[in-house]
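The next block holds one structure in the form of structure tokens; read it before the comments.
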Amino acid sequence: MTDPNAAGPDQPYSQPAAPLTPEADQQAAMWAHIGGIVGFLPALLIWLLLKDRGQRTDVEGKEALNWQITVTIVWVAIWIVSAFLSWIPFIGLIIGSLLGLVAFVVWVVNVIFSIMGGLRVNSGGSYRYPVALRLIK
């Protein structure tokens, strides 16, 4: 038995996925923001898989992904500087401890902004993070 969705001589391409309903589009956009609590992967997957099926998911997914990329860059920079400065006796310990505190604050800010974004989108609005690199246009 052949798969009716498989490409063949009579059907050169499979059918595109159906557009998201407005409710599903809003929900996917909300999860793109809230997923940022655990990192950039949820926003990336939601945006890549659903961006062509819902305009709201495309816009909000890009916004959430840009924020998560920004947070990831900041985290990596903090850990690189902390690792480099840890080689300096005494001063490295103090600065390393402060950078650990900064990393924790960045994580807390990420959680707060991700929840705020998800709640705003869930209530029908749109959310733009206050500080984010706009790498994905």
Side-chain angles (χ1 to χ4, degrees):
M1 182 181 263
T2 61
D3 181 10
N5 293 328
D10 297 332
Q11 188 178 10
Y13 303 104
S14 63
Q15 297 296 324
L20 295 172
T21 64
E23 295 81 19
D25 195 18
Q26 180 177 347
Q27 188 175 32
M30 176 197 68
W31 284 113
H33 286 286
I34 291 179
I37 293 171
V38 296
F40 70 91
L41 202 54
L44 176 65
L45 290 174
I46 289 169
W47 182 69
L48 285 176
L49 296 174
L50 300 176
K51 67 180 178 178
D52 297 328
R53 296 180 57 199
Q55 180 173 0
R56 187 154 203 195
T57 301
D58 182 33
V59 171
E60 297 298 330
K62 271 191 270 191
E63 183 66 20
L65 185 56
N66 280 324
W67 168 252
Q68 292 307 318
I69 290 170
T70 303
V71 169
T72 302
I73 289 170
V74 170
W75 265 62
V76 169
I78 288 170
W79 293 118
I80 288 173
V81 170
S82 180
F84 178 73
L85 292 176
S86 69
W87 291 92
I88 301 172
F90 188 67
I91 294 175
L93 178 65
I94 294 171
I95 293 176
S97 298
L98 290 175
L99 287 175
L101 181 62
V102 170
F104 177 72
V105 169
V106 168
W107 177 77
V108 169
V109 168
N110 178 42
V111 168
I112 291 170
F113 283 170
S114 295
I115 292 171
M116 286 173 56
L119 292 175
R120 176 85 49 90
V121 169
N122 193 42
S123 67
S126 184
Y127 189 73
R128 189 151 170 100
Y129 292 92
V131 178
L133 300 173
R134 310 283 177 221
L135 299 175
I136 299 173
K137 306 267 181 201

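For reference, positions follow the sequence shown, starting with 1. Below, all heavy atoms of this structure are taken into account, side chains as well, without hydrogens, waters or symmetry copies.
- Pairs engaging residues 63-88 under the salt bridge (Lys or Arg N to Asp or Glu O under 4.0 Å) rule: Glu63-Arg128, Glu63-Arg134 [sequence neighbours left out].
- With Val109 as the partner, the side chain to side chain contact (heavy atoms under 4.5 Å, CB included) test is satisfied by one option alone out of Ile112, Val111, Val105: Val105.
- If you chain together ILVMFWY residues whose side-chain heavy atoms come under 4.5 Å of each other, Val76 ends up grouped with Ile80.
- For Pro22, there are no side-chain contact (heavy atoms from CB on, under 4.5 Å) partners, not counting sequence neighbours.
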Practice task
Dump the intermediate steps for side chain to side chain contact (heavy atoms under 4.5 Å, CB included) on Val121 and Gln27, then the final yes or no.
Solution key: CA-CA 8 Å; Val121 169; Gln27 188 175 32; over 6 Å; no

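- Linking ILVMFWY residues whenever their side-chain heavy atoms come closer than 4.5 Å, directly or via other members, places Ile115 and Phe113 in the same cluster.
- Under the rule for a side-chain contact (heavy atoms from CB on, under 4.5 Å), Ala83 has no partner lying at least two apart in sequence or in another chain.
- Note that the CD atom of Gln68 and the CD1 atom of Ile136 stand 11.0 Å from one another [nearest 0.5 Å].
- The CZ atom of Phe84 sits 12.5 Å away from atom CG of Leu99, with the distance rounded to the nearest 0.5 Å.
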Give every donor-acceptor pair under 3.5 Å between a side-chain atom in residues 30-42 and any protein atom, sequence neighbours left out.
residue : atom : partner : partner atom : Å
His33   : ND1  : Tyr129  : OH           : 2.7
His33   : NE2  : Glu60   : OE1          : 2.7

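- In summary, of the residues considered (Val59, Asn66, Asp58), a side chain to side chain contact (heavy atoms under 4.5 Å, CB included) with Trp47 occurs for Asp58 alone.
- For the residue pair Thr70 and Leu133, the shortest heavy atom distance occurs at OG1-N, 2.8 Å.
- Each of Val131 and Tyr127 belongs to its own hydrophobic cluster when Ile, Leu, Val, Met, Phe, Trp and Tyr are linked at side-chain heavy-atom distances under 4.5 angstrom.
- Leu20 and Leu44 are not part of a single hydrophobic cluster, where members link through side-chain heavy atoms under 4.5 Å apart.
- Criterion: ILVMFWY side-chain heavy atoms under 4.5 Å apart, direct or through other members. Under it, Leu101 and Ile78 are not part of a common hydrophobic cluster.
- A distance of 11.0 Å separates CG of Leu49 from OG1 of Thr57, quoted to the nearest 0.5 Å.
- Not counting sequence neighbours, the partners of Trp75 by the side-chain contact (heavy atoms from CB on, under 4.5 Å) test are Val71, Trp79, Val106, Trp107.
- Although no hydrogens or angles enter the test, the distance criterion places a donor-acceptor pair under 3.5 Å between the side chain of Lys62 and the main chain of Lys137.
- The minimum heavy-atom distance linking Asp25 with Gln55 is given by the pair OD2-N, 3.5 Å.
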Problem - Verdict with supporting geometry, Asn122 and Gln26, side chain to side chain contact (heavy atoms under 4.5 Å, CB included) - result: CA-CA 6 Å; Asn122 193 42; Gln26 180 177 347; 4.0 Å; yes

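- Both Ile88 and Ile95 belong to a single network of hydrophobic side chains, linked directly or stepwise wherever heavy atoms of I, L, V, M, F, W or Y lie under 4.5 Å apart.
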